[in-house]
*Asks:* 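Right, I'll just put the structure down here and ask away after.
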Amino acid sequence: MTSQLAAPGLTTLDSATVSAKGARRWAHGHPWIYRSDVLTRPSAAAGAVTVHDERGRPLGCALWSPASEIALRLLDRNPHATLDEAWWRQRLAPAIARRASVATQANAYRLVHGEGDACPSLICDKYDRWLVVQLLSAGIDRYRSEIVSALSSLVEPLGVLARNDVPVRAKEGLPTTVELLAGDVPREVEVNEHGIRYLAAPWDGQKTGAFLDQRELRVAAGARAKGRALDCFSYHGSFALHLASRANHVIALDVSAEALRRAARNCALNGLSNVELVEANAFEFLKAKQRARERFDTIVLDPPAFAKTRASVSSAIRGYKEINLRAMRLLSRGGVLFTASCSFHLTMPLFLEMLRAAAADSARRLAFIELRGQPLDHPEILTIPETGYLKSAAIEALD
Ligand code: SAH
């Protein structure tokens, strides 16, 4: 039989049969079916397949990843969908349109947040006129040319870079590389984020070049910043830049000298002279400042994910609690702490529990000013917990 679904290179209609448990996951709004719930595996290499339940009823079409624990990712409930460039254009257009309000204030934001935008395992970030994509499964990798064509016709970028140098690709049996897919992409792109400018590094910066997911928290922190400010885990200074417009003095701290070098250039780009760059370990720095009984009016804690796996959650919580407790003690009266966690495994309830435990040890009276989940351009789908990882709180020291 000839396939309408065939990815490039696939000529036969391939099909998978899934267990009742697997079928239920789709019915309940989760696009993943695990390898153990696939009763009949497609014989083809990675690509798209039709999926049937145990009784032979077609459920839809999915991306197929033969080497992965996540074997199938639902793409379309229409089992006869033709996954050509036009299909991808139709799928991507509403995701892109949804970002319109973000685009009025910033020229860098996420256009496609994988499963959060019904494009499983596809990330696309926009940096001014350039796009950076990540193809995170063997199934989606087969559609790279259709996806690049669709994105090119919708966004008309000057270049598309694939930051496929991520470990998860190894689990899919894919190479980990950085590859130019279309046009040209500069080493650095100037981002404008609500009037603050910074340089993103698409080829070799963290993630796809910058941390786009904290844009709104940076703006919120900037709006409330005052006095003496401290930005721990600063990377290239993105929070510090926002804080510096209102605070008198800002310390931007990071362990990475390279990140701080870009932070220095970012300060110059904004004409800021009140940011002090400190290369240090945040744990040590906070401890020393606490011993010295110093006070800060604004503190930002935006650490890397301490809990990389479920098994590491309890030791991660100790780390989060330590820095948050020290930061709470360092706050001046009326001072505000902006604190975040990007660990998927540290859920919002665990994050709040950790903050309450730190507050209980701090001997301070602390009030929540606000809690945040993810910004509009990183949609977290209620039925897909894996689309959510970022949470943050703003906390004021009342006495
Ligand atoms: N706040 C940044 C993103 C931070 S990413 C932004 O909004 O752009 C986390 C940063 O923490 C990285 O730059 C990493 O170099 C730094 N880091 C990791 N461990 C650290 C430690 N123990 N002390 C200080 N910085 C650390």
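Order of listing sets the numbers, starting from 1, for every ligand and every atom in it. Numbering of residues begins at 1 and proceeds along the displayed sequence.
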*Asks:* Quiz question: by atom type and distance under 3.5 Å, do the side chains of Asp184 and Trp130 form a donor-acceptor pair?
*Replies:*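 Per modelled atom types, Asp184 and Trp130 side chains form no pair under 3.5 Å.
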
*Asks:* Going by the atom numbers of ligand 1, which of them fall below 4.0 Å from some non-hydrogen atom of Pro304?
*Replies:*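 Listed by number with element, the hits are 9 (C), 11 (O), 18 (C).
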
*Asks:* So among Arg215, Arg99, Arg98, which one has a salt bridge (charged side-chain N to carboxylate O under 4.0 Å, His left out) with Asp377?
*Replies:*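 By the salt bridge (charged side-chain N to carboxylate O under 4.0 Å, His left out) criterion, Asp377 pairs with just one of Arg215, Arg99, Arg98: Arg215.
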
*Asks:* Which option, Gln214, Glu193, Arg218, owns the non-hydrogen atom nearest atom 7 (O) of ligand 1?
*Replies:*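 Looking at heavy atoms only, Arg218 sits closest to atom 7 (O) of ligand 1.
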
*Asks:* Which residue holds the protein heavy atom closest to atom 4 (C) of ligand 1, what is that atom called, and what is the gap in Å?
*Replies:*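 The answer is Phe233 O, 3.2 Å.
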
*Asks:* Are Ser332 and Asp297 linked by a side-chain donor-acceptor pair shorter than 3.5 Å?
*Replies:*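 Short answer, yes.
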
*Asks:* Side-chain donor-acceptor pair under 3.5 Å between Thr387 and Glu115, yes or no?
*Replies:*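 The criterion, which ignores hydrogens and geometry beyond distance, is not satisfied for Glu115 and Thr387.
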
*Asks:* Going by distance alone, is a donor N or O of one side chain under 3.5 Å from an acceptor N or O of the other, for Arg262 and Tyr235?
*Replies:*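 Their side chains do contain a donor-acceptor pair, which is all the 3.5 Å distance test asks for.
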
*Asks:* Side chain, backbone, both or neither: which part of Ser234 has a heavy atom under 4.0 Å from ligand 1?
*Replies:*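 Near ligand 1, Ser234 shows its backbone, while the atoms from C-beta on stay back.
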
*Asks:* Any nitrogen or oxygen of Asp231, side chain or backbone, less than 3.5 Å from one on ligand 1?
*Replies:*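 So ligand 1 has no N or O lying under 3.5 Å from an N or O of Asp231.
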
*Asks:* Check for me whether Ala210 has a heavy atom closer than 4.0 Å to any atom of ligand 1.
*Replies:*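 Checking ligand 1 against Ala210, which is what was asked, there is no heavy-atom contact under 4.0 Å.
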
*Asks:* What residue and atom, counting heavy atoms only, is the protein's closest point to atom 5 (S) of ligand 1, and at what distance?
*Replies:*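 Protein heavy atom at minimum distance: Phe211 CZ, 3.3 Å.
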
*Asks:* With respect to atom 23 (N) of ligand 1, which of Pro303, Ala340, Ala282 exhibits the smallest heavy-atom separation?
*Replies:*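 When every heavy atom of Pro303, Ala340, Ala282 is considered, Ala282 comes closest to atom 23 (N) of ligand 1.
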
*Asks:* Report the part of Ala259 (side chain from C-beta onward, or backbone N, CA, C, O) that has a heavy atom under 4.0 Å from ligand 1; answer both or neither where that applies.
*Replies:*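 The answer is neither; Ala259 stays 4.0 Å or more away.
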
*Asks:* If you measure from the Lys or Arg side-chain nitrogens to the Asp or Glu carboxylate oxygens, is any gap between Arg372 and Glu216 under 4.0 Å?
*Replies:*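 Salt bridge absent between Arg372 and Glu216.
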
*Asks:* Less than 4.5 Å apart, side chain to side chain, heavy atoms only: is that true for Leu199 and Asn266?
*Replies:*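 Heavy-atom side-chain distance check passes, below 4.5 Å.
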
*Asks:* Quick check: His236 and ligand 1, any N/O pair under 3.5 Å apart?
*Replies:*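 No; every N/O pair is 3.5 Å or more apart.
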
*Asks:* I need the atoms of ligand 1 closer than 4.0 Å to a non-hydrogen atom of Gln206, numbered in the order shown.
*Replies:*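 Going through ligand 1 atom by atom, the ones under 4.0 Å from Gln206 are 12 (C), 13 (O).
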
*Asks:* Looking only at side-chain N and O atoms, does Ser341 offer a donor or acceptor that is under 3.5 Å from a partner on Tyr320?
*Replies:*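 Note: Tyr320 and Ser341 side chains meet the donor-acceptor criterion.
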
*Asks:* Any side-chain donor-acceptor pair under 3.5 Å between Thr339 and Asn324?
*Replies:*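 Result is yes, a qualifying pair exists.
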
*Asks:* For Arg110, which of Asp117, Thr208, Asp125 qualifies under side chain to side chain donor-acceptor pair (under 3.5 Å)?
*Replies:*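 Answer after filtering Asp117, Thr208, Asp125: Asp125.
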
*Asks:* Just need the protein heavy atom nearest to atom 15 (O) of ligand 1, so name the residue and atom and give the distance.
*Replies:*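 Here the closest protein heavy atom is Asp254 OD1, 2.6 Å.
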
*Asks:* We want to know whether Glu386 and His30 form a side-chain donor-acceptor pair, criterion being a heavy-atom distance below 3.5 angstrom.
*Replies:*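 Yes, His30 and Glu386 have a side-chain donor paired with an acceptor closer than 3.5 Å.
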
*Asks:* Where the closest heavy atom to atom 19 (N) of ligand 1 is concerned, which of Val300, Val255, Leu212 has it?
*Replies:*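 Selected option, by shortest heavy-atom distance: Val255.
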
*Asks:* Which residue and atom name correspond to the protein heavy atom nearest atom 22 (N) of ligand 1, and how close is it?
*Replies:*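 Nearest protein contact, heavy atoms only, for atom 22 (N) of ligand 1 is Asn281 OD1, 3.2 Å.
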
*Asks:* For Ser256, take its heavy atoms, then give the atoms of ligand 1 lying under 4.0 Å from any of them.
*Replies:*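 Going through ligand 1 atom by atom, the ones under 4.0 Å from Ser256 are 15 (O).
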
*Asks:* Give the numbers and elements of all ligand 1 atoms closer than 4.0 Å to a heavy atom of Asp302.
*Replies:*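 Checking each atom against Asp302, I get 1 (N), 2 (C), 3 (C), 4 (C), 6 (C), 7 (O), 9 (C).
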
*Asks:* Just let me know how Ala280 lines up against ligand 1, side chain, backbone, both or neither, with a heavy-atom cut-off below 4.0 Å.
*Replies:*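 Backbone only.
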
*Asks:* Using a 4.0 Å heavy-atom threshold (strictly under), name the region of Phe239 that reaches ligand 1: side chain, backbone, both or neither.
*Replies:*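 Side chain only.
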
*Asks:* Relative to atom 8 (O) of ligand 1, which among Ser238, Ala240, Ala257 owns the nearest non-hydrogen atom?
*Replies:*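 It is Ser238 whose heavy atom sits nearest to atom 8 (O) of ligand 1.
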
*Asks:* Could you tell me if Thr309 and Ser312 have a donor-acceptor pair between their side chains, going purely by distance under 3.5 Å?
*Replies:*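 A donor-acceptor contact under 3.5 Å links the two side chains.
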
